[in-house]
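Before any comments, here is the structure.
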Amino acid sequence: MTAMSAKHLLSLAILGLSALLAGCTQCGSRYEDEYTGPTRDDFIRYNRRLFWCDSMCIAKYSDSLGLTPRPTRSNLWLTVHRQGEGAQVKPGDYVTIDYVVSNLLGDTIYTSDADGKISLTVGKCNVCSGLDEALLSLRHDGAQATVILIPEKAFGLRGDDRKIHGRMILRYDIHLLD
């Protein structure tokens, strides 16, 4: 091989490599322009998977403690230990509860002893929607229950900006005082 042909081959190789790289960068940008991110169906599948995983976690937790919660259609897990002596709780009723809030690891997060009793109007609860729903299943004057809330029924993705982290499954042990 002559010096001229070796030089010629090297030039061709560099030219070919340059063309190949240029083609790859054009392909890459073309695909980037076409990618639009997750679709609505992707989000629905992901949320269903989270819902299913939360349900399985709660079921295993409940079994390990011998709780017999009955999940509602909206995935609220409620075990009534004692029904109250009074009338059925209904929206608009004003109630006061003693409570212990914990995570599924058994860590106590809030208690009425340390943080004070909660008084609220059922249906207008500022605490979490799952607590409202659970109260509607109880009777006034002494009801006691354990409620396990999926994150969507508790404090969602953000938590409460204090002690409850985002996407935390919570256990509420409640005693309806009035």
Side-chain angles (χ1 to χ4, degrees), residues 38-93 95-178:
T39 66
R40 180 177 181 272
D41 289 339
D42 292 334
F43 283 115
I44 290 170
R45 274 192 302 280
Y46 182 72
N47 282 327
R48 284 185 179 150
R49 178 73 178 160
L50 286 175
F51 190 85
W52 181 83
C53 289
D54 290 344
S55 297
M56 292 297 98
C57 184
I58 293 169
K60 287 180 183 179
Y61 172 80
S62 298
D63 287 346
S64 73
L65 294 178
L67 293 172
T68 54
R70 61 176 207 275
T72 64
R73 239 179 110 80
S74 63
N75 212 23
L76 175 80
W77 296 67
L78 176 69
T79 302
V80 178
H81 303 292
R82 178 175 175 264
Q83 221 15 302
E85 307 285 325
Q88 184 72 34
V89 175
K90 57 188 182 309
D93 286 354
V95 298
T96 302
I97 60 171
D98 271 331
Y99 60 92
V100 174
V101 180
S102 56
N103 61 24
L104 296 192
L105 297 174
D107 302 323
T108 299
I109 300 170
Y110 295 114
T111 69
S112 53
D113 291 339
D115 302 302
K117 295 173 179 26
I118 295 176
S119 295
L120 55 96
T121 302
V122 178
K124 297 180 181 177
C125 179
N126 292 341
V127 180
C128 56
S129 65
L131 185 58
D132 259 346
E133 188 178 335
L135 290 170
L136 291 170
S137 300
L138 303 175
R139 300 177 74 82
H140 285 277
D141 301 325
Q144 294 178 336
T146 298
V147 187
I148 302 173
L149 304 176
I150 60 172
E152 292 77 12
K153 292 287 183 179
F155 292 90
L157 293 173
R158 289 197 51 193
D160 71 348
D161 294 326
R162 292 187 314 232
K163 296 180 181 180
I164 297 173
H165 305 293
R167 289 239 359 100
M168 186 180 282
I169 298 171
L170 296 176
R171 173 183 172 158
Y172 274 77
D173 290 296
I174 59 176
H175 180 198
L176 190 56
L177 301 174
D178 57 6

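- For the pair Y172/V100, no side-chain contact is recorded, criterion being any heavy-atom separation below 4.5 Å from C-beta on.
- Minimum interatomic distance between T79 and T68 (heavy atoms only, all atoms of both residues): OG1-C, 3.5 Å.
- Residue I44 places its CD1 atom among more than 12 non-hydrogen atoms of other residues, nucleotides or ligands, all under 6.0 Å distant.
- Residues K153 and E133 form a side-chain contact, since some pair of their non-hydrogen atoms from C-beta on lies under 4.5 Å apart.
- With contacts defined as side-chain heavy-atom distances shorter than 4.5 Å, the pair I150/I58 qualifies.
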side-chain contact (heavy atoms from CB on, under 4.5 Å) for R162 and Y110? Distances and angles first, verdict last. CA-CA 11 Å; R162 292 187 314 232; Y110 295 114; 3.2 Å; yes

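- The shortest non-hydrogen separation linking A154 to C128 is O-CB, 3.3 Å.
- Counting only heavy atoms from C-beta outward, the side chains of P151 and L157 never approach each other to under 4.5 Å.
- The shortest distance between side-chain heavy atoms of I174 and Q144 does not fall below 4.5 Å.
- For the atom pair CD1 of I164 and CG of N103, the computed distance is 9.5 Å after rounding to the nearest 0.5 Å.
- Here the closest non-hydrogen pair linking L176 and R139 is CD2-O, 3.3 Å.
- In this structure, the separation between CZ on F51 and CE on M56 is 10.0 Å, given to the nearest 0.5 Å.
- In this structure, D173 and R171 approach most closely via the heavy-atom pair OD2-NE, 2.9 Å.
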Step by step, work out the side-chain contact (heavy atoms from CB on, under 4.5 Å) result for H140 and V95. CA-CA 8 Å; H140 285 277; V95 298; 3.5 Å; yes

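- Side-chain atoms of S112 come within 3.5 Å of backbone N or O of Y99 as a donor-acceptor pair.
- Annotation: the span from L170 atom CG to L104 atom CG amounts to 8.0 Å, rounded to 0.5 Å.
- In this structure a side-chain-to-backbone donor-acceptor pair under 3.5 Å is present from S64 to Y61.
- In this structure, a donor-acceptor pair under 3.5 Å is absent between the side chains of D93 and T121.
- Under the 4.5 Å side-chain criterion, counting only non-hydrogen atoms from C-beta, D54 is in contact with I169.
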side-chain contact (heavy atoms from CB on, under 4.5 Å) for S102 and D107? Distances and angles first, verdict last. CA-CA 5 Å; S102 56; D107 302 323; 5.9 Å; no

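- In terms of modelled atom types and a separation under 3.5 Å, the side chain of D42 and the main chain of T39 share a donor-acceptor contact.
- D115 contributes a side-chain N or O that, together with a main-chain N or O of T111, makes up a donor-acceptor pair within less than 3.5 Å.
- A donor-acceptor contact shorter than 3.5 Å links the side chain of D160 to the backbone of K163.
- Counting heavy atoms from C-beta on, the side chains of I118 and T96 never come closer than 4.5 Å.
- Taking 4.5 Å as the limit, some side-chain heavy atom of H175 sits within range of a side-chain heavy atom of L177.
- Nearest heavy atoms, K90 versus V122: O-CB, 3.9 Å.
- Taking CG of L67 as the reference point, atom NE2 of H81 lies at 6.0 Å (rounded to 0.5 Å).
- No more than 12 heavy atoms of other residues, nucleotides or ligands lie within 6.0 Å of CZ in R158, so this atom counts as exposed by the packing criterion.
- Here the CG atom belonging to L50 is positioned 13.5 Å from the CZ atom belonging to R45, to the nearest 0.5 angstrom.
- The backbone N or O of L136 sits less than 3.5 Å from a side-chain atom of Q88, completing a donor-acceptor pair.
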I'd like to know whether L135 forms a side-chain contact (heavy atoms from CB on, under 4.5 Å) with V147, so could you lay out the CA-CA distance, the side-chain angles of the two residues, the decisive distance to 0.1 Å, and finally the verdict. CA-CA 10 Å; L135 290 170; V147 187; over 6 Å; no

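- Rounding to the nearest 0.5 angstrom, the gap separating the CG atom in D132 from the CG atom in L120 is 6.5 Å.
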